[in-house]
Amino acid sequence: EAGVAQSPRYKIIEKRQSVAFWCNPISGHATLYWYQQILGQGPKLLIQFQNNGVVDDSQLPKDRFSAERLKGVDSTLKIQPAKLEDSAVYLCASSTRQGSYEQYFGPGTRLTVT
Amino acid sequence: AQSVSQHNHHVILSEAASLELGCNYSYGGTVNLFWYVQYPGQHLQLLLKYFSGDPLVKGIKGFEAEFIKSKFSFNLRKPSVQWSDTAEYFCAVADFGNEKLTFGTGTRLTIIP
């Protein structure tokens, strides 16, 4: 079974630039999550999708972050404009259904904002 | 809001030593509890989970964890560690009926051969 795919693996941008991350969940997984993991901290949930609908985006900084999952499969997370404090690893995870609790994580995208 | 504390930031042990990593959460209601592990260069993966029933749960690779409700704790244990257990370990909690995982800050475990 193929795992959660993410790209790019690494990205370096200057502050005020924009960036986008892509995630393809495990086939058949209806629930998709984006997490932000700042160095020295645990992952923090940014947004949760169930199919192509948003379940929870309470911790997403909506003034600069956006995410979509248009066809209920892969998803894109965008930051525009980026700030220095956005430097982090962005993790995507998926699970089979809402309430399954077992989340499968991708390798992450390491973002450095200079 | 739920919070999770992992008091040990970096633990260094010799092979065959016993391991216990602490995890405490803040909210006293019904919770689901998890330990995730990230081996060097690999993805986060589920080590074990507790939903209900026997408070002593067993996971992969000889790990186990004990849920003590009165102490709001879910400590991870292994009787004899191996060099291959070198990794970062994260405790996570979800309030019952809510899938949102709250992670601790992680414990980096280094095993010396």
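Lettering of chains follows the sequences in order, A, B, ..., and the numbering in each one begins at 1. On a predicted model such as this, the values are computed, not experimentally measured, just so you know.
Residue contact with chain B, scored on non-hydrogen atoms closer than 4.5 Å, involves the side chain of A:Gln59 exclusively. For A:Ile38, no part lies under 4.5 angstrom from a heavy atom of chain B. Interface remark: B:Leu44 contributes backbone and side-chain atoms alike to the contact with chain A (heavy atom separation under 4.5 Å).
Counting heavy-atom pairs closer than 4.5 Å to chain B, the top-ranked of the candidates A:Gly40, A:Pro43, A:Gly42, A:Gly106 is A:Pro43.
Counted by atom type alone, B:Asn75 and B:Ser73 present zero donor-acceptor pairs between their side chains at under 3.5 Å. Between the side chains of A:Thr31 and A:Gln50, at least one donor N or O sits under 3.5 Å from an acceptor N or O. For the residue pair B:Thr86 / B:Tyr39, no side-chain donor-acceptor distance below 3.5 Å is found, with atom types taken as modelled.
In terms of hydrophobic clustering, with Ile, Leu, Val, Met, Phe, Trp and Tyr side chains grouped at heavy-atom distances under 4.5 Å, A:Trp34 and A:Val54 are assigned to a common cluster.
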